[in-house]
Amino acid sequence: QVQLVESGGGLVQAGGSLRLSCVASGSIFRINVMGWYRQAPGKQRELVATITFGGRTNYIDSVKGRFTVFRDNAKNTVYLQMNSLKPEDTAVYYCNAAVIVVPREYDIWGQGTQVTVSS
């Protein structure tokens with residue numbers, strides 16, 4: 001069984017920074033794409049950033065230049081460095097991973113971590 005555990009959320013003032021971490025554990029052969037999603041109250045969950053096993057990244061326009069996603073493949077960990085935070089970044093942030101547990105690939109979600117940005 002594979003689990004994703006997130007950490008690093010919290011309350012921060014506008015303009016501040018937070019770093020989220022997500023560690024995968026279990027009988028993992030390899031993790032392909034890892035990513036971060038967020039869901040604000042009353043809104044649909046949206047993709048924030050993704051990173052492939054090889055390090056190719058993708059971001060939504062609203063976080064480009066402020067957020068950085070990176071990973072440590074040896075530790076099965078993905079990070080989201082969030083700088084210049086804005087109140088509109090307030091949401092529950094979820095980690096997602098495409099995990100290969102031989103012979104299949106599984107789409108795994110973390111439990112979510114709250115990020116609150118005050119104005």
Side-chain angles (χ1 to χ4, degrees):
Q1 185 177 359
V2 177
Q3 289 185 324
L4 299 180
V5 178
E6 299 123 333
S7 60
L11 172 65
V12 64
Q13 289 187 333
S17 298
L18 284 174
R19 177 178 291 187
L20 305 182
S21 301
C22 172
V23 181
S25 62
S27 300
I28 298 168
F29 173 73
R30 195 178 87 166
I31 303 176
N32 287 332
V33 177
M34 301 186 83
W36 292 94
Y37 292 69
R38 66 186 181 188
Q39 187 167 18
K43 295 187 177 181
Q44 289 189 331
R45 188 174 298 189
E46 65 174 354
L47 173 67
V48 176
T50 61
I51 183 167
T52 66
F53 181 84
R56 187 171 66 250
T57 59
N58 182 54
Y59 300 90
I60 56 169
D61 287 345
S62 61
V63 307
K64 286 180 179 177
R66 300 188 298 121
F67 290 11
T68 302
V69 61
F70 58 102
R71 61 191 285 177
D72 184 333
N73 291 332
K75 296 181 178 180
N76 289 329
T77 301
V78 64
Y79 305 90
L80 185 66
Q81 177 66 44
M82 304 184 293
N83 298 328
S84 302
L85 281 160
K86 304 175 181 180
E88 51 264 43
D89 294 318
T90 295
V92 177
Y93 284 70
Y94 296 91
C95 176
N96 175 257
V99 179
I100 298 177
V101 179
V102 178
R104 288 184 51 189
E105 182 179 278
Y106 295 85
D107 185 45
I108 307 295
W109 290 88
Q111 81 285 357
T113 185
Q114 177 70 46
V115 172
T116 303
V117 184
S118 62
S119 58

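- The two residues Y94 and G110 have their closest heavy-atom pair at CD2-O, 3.7 Å.
- Judged by distance alone, the side chain of Q3 and the main-chain N or O of G26 form no donor-acceptor pair under 3.5 Å.
- Atom CZ of R30 sits about 8.5 Å away from atom CG of N73, to the nearest 0.5 Å.
- Here the closest non-hydrogen pair linking L4 and C22 is CB-SG, 3.8 Å.
- Taking the side chain as every heavy atom from C-beta outward, C95 and W36 approach each other to under 4.5 Å.
- Under the 4.5 Å side-chain heavy-atom criterion for ILVMFWY residues, no single connected hydrophobic cluster contains both V33 and Y37.
- M82 places none of its side-chain heavy atoms less than 4.5 Å from the side chain of R66.
- Taking every heavy atom of both residues into account, V92 and Q114 meet most closely at CG2-OE1, 3.2 Å.
- In terms of modelled atom types and a separation under 3.5 Å, the side chain of T90 and the main chain of V117 share a donor-acceptor contact.
- For the pair E6 (side chain) and G112 (backbone), a donor-acceptor distance under 3.5 Å is present.
- In this structure, F70 and Y79 have parallel ring planes: the angle between them is below the 30° cut-off, well short of the 60° mark.
- Side-chain atoms of T50 and V69, non-hydrogen and from C-beta on, never get closer than 4.5 Å to each other.
- Between the OG atom in S21 and the CD atom in Q81 there is a gap of 9.5 Å [rounded to 0.5 Å].
- Here the side chain of N32 pairs no donor or acceptor atom with the backbone of T52 at under 3.5 angstrom.
- How far CD of Q39 is from CD of E46: 9.5 Å, rounded to the nearest 0.5 Å.
- Taking each heavy atom of I31 and F53 in turn, the nearest pair found is O-CD1, 3.3 Å.
- Residues T57 and Y59 form a side-chain contact, since some pair of their non-hydrogen atoms from C-beta on lies under 4.5 Å apart.
- The minimum heavy-atom distance linking A14 with S119 is given by the pair CB-CA, 4.4 Å.
- A distance of 4.5 Å separates CD1 of I60 from CZ of R38, quoted to the nearest 0.5 Å.
- L11 and Y93 fall into different hydrophobic clusters, where Ile, Leu, Val, Met, Phe, Trp and Tyr side chains are chained together by heavy-atom contacts under 4.5 Å.
- Residues K75 and V23 approach most closely at O-CG1, 4.2 Å, considering heavy atoms.
- The shortest distance between side-chain heavy atoms of V2 and Y106 does not fall below 4.5 Å.
- No side-chain donor-acceptor contact under 3.5 Å links N76 to the backbone of S25.
- Proximity of Q13 to L85: side-chain heavy atoms (C-beta onward) are nowhere separated by under 4.5 Å.
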Steps toward salt bridge (Lys or Arg N to Asp or Glu O under 4.0 Å) verdict (K86, D89): CA-CA 5 Å; K86 304 175 181 180; D89 294 318; over 6 Å; no

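- Rounding to the nearest 0.5 Å places CD of E88 at 8.5 Å from OG of S62.
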